[in-house]
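Keep in mind that what you see is a predicted model, and the values were worked out from it rather than measured. By convention here, the first residue in the shown sequence is residue 1.
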Amino acid sequence: QVPLVESGGGSVQAGGSLRLSCAASGPAHYLMAWFRQTPGEERGAVAAITGEGLTPYTDSVKGRFSISKDNDENPLYLEMNDLKPEDTAMYYCAASEDRRIWDWHLPSRYNYWGQGTQVTVSS
């Protein structure tokens, strides 16, 4: 499998910023994404990035979060700005062998997942 390891989570006050990283060893052209999940809720999509640099975002983070990756070393990043308490969640990186952008927001299409990193935003 493709190893995925997240880091960079932590506690921050509302309005602050965090940068999450995901170390990945798979092909750079895989579709990669960030998801988040809170207790009792389904895992929800945050953002994705295709091998050609297309970056869809869920509406609630547009203008605040930015996804990027290094195609040579395969790290995946999520820059989170103007954080809000509702952003509190466990954040996961994921990779899909199917590199098409369609249905990027569906957890079921991703083949590989990291263990998660906790983000807590206080008011």
Side-chain angles (χ1 to χ4, degrees):
Q1 292 187 336
V2 179
L4 299 175
V5 181
E6 303 97 333
S7 62
S11 298
V12 64
Q13 293 184 344
S17 299
L18 284 173
R19 188 194 193 203
L20 305 183
S21 299
C22 176
S25 61
H29 61 264
Y30 278 11
L31 175 69
M32 301 193 71
W34 287 97
F35 285 76
R36 61 187 180 185
Q37 187 172 25
T38 56
E41 300 290 335
E42 294 184 350
R43 192 165 297 185
V46 177
I49 185 166
T50 71
E52 296 185 345
L54 298 177
T55 56
Y57 295 87
T58 193
D59 287 343
S60 62
V61 307
K62 288 181 179 178
R64 299 189 298 120
F65 291 10
S66 179
I67 188 172
S68 62
K69 66 178 180 180
D70 184 319
N71 288 329
D72 292 326
E73 299 181 356
N74 293 334
L76 177 70
Y77 303 104
L78 184 68
E79 181 70 32
M80 304 184 294
N81 300 306
D82 191 24
L83 283 162
K84 303 176 180 181
E86 51 263 44
D87 294 318
T88 295
M90 184 73 75
Y91 283 71
Y92 301 88
C93 64
S96 174
E97 294 178 351
D98 184 345
R99 56 183 180 270
R100 294 175 296 177
I101 198 171
W102 321 119
D103 296 330
W104 70 272
H105 62 289
L106 297 179
S108 61
R109 67 160 292 169
Y110 291 86
N111 306 99
Y112 311 103
W113 293 87
Q115 82 290 347
T117 185
Q118 179 68 38
V119 172
T120 302
V121 184
S122 60
S123 60

Worked check of side-chain contact (heavy atoms from CB on, under 4.5 Å) between Arg109 and Asp98:
CA-CA 8 Å; Arg109 67 160 292 169; Asp98 184 345; 3.5 Å; yes
Pair Asp87-Lys84, salt bridge (Lys or Arg N to Asp or Glu O under 4.0 Å): steps then yes or no:
CA-CA 5 Å; Asp87 294 318; Lys84 303 176 180 181; over 6 Å; no
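For the pair Cys22/Trp34, a side-chain contact is recorded, criterion being any heavy-atom separation below 4.5 Å from C-beta on. When side chains are defined from C-beta on, Val12 does not count as touching Met80, because their heavy atoms never get closer than 4.5 Å. Proximity of Thr88 to Gln118: side-chain heavy atoms (C-beta onward) are separated by under 4.5 Å at one or more points. Counting heavy atoms from C-beta on, the side chains of Tyr91 and Glu6 never come closer than 4.5 Å. Residues Ile67 and Phe65 form no side-chain contact, since every pair of their non-hydrogen atoms from C-beta on lies 4.5 Å or further apart. Looking only at side-chain heavy atoms (C-beta outward), Ser21 and Pro75 stay at 4.5 Å or farther from each other.
Under the 4.5 Å side-chain heavy-atom criterion for grouping Ile, Leu, Val, Met, Phe, Trp and Tyr, Trp102 is connected to Leu54 within one hydrophobic cluster. No single ILVMFWY cluster, assembled from side-chain heavy atoms under 4.5 Å apart, contains both Tyr77 and Tyr112.
For the atom pair CG (Leu18) and CD (Glu79), the distance works out to 8.5 Å, reported to the nearest 0.5 Å. We find the CZ-OG distance between Arg43 and Ser108 to be 12.0 Å, quoted to the nearest 0.5 Å. Here Arg36 contributes atom CZ and Leu78 contributes atom CG; the two are 9.0 Å apart, rounded to the nearest 0.5 Å.
Here the closest heavy-atom approach between residue Ala95 and residue Tyr30 is recorded as CB-CD2, 4.2 Å. Minimum interatomic distance between Ser122 and Pro85 (heavy atoms only, all atoms of both residues): C-CG, 4.5 Å. Scanning both residues, Lys69 and Leu76, for their nearest heavy atoms gives CB-CD1, 4.1 Å. Here the closest heavy-atom approach between residue Asp82 and residue Ser17 is recorded as N-OG, 4.2 Å.
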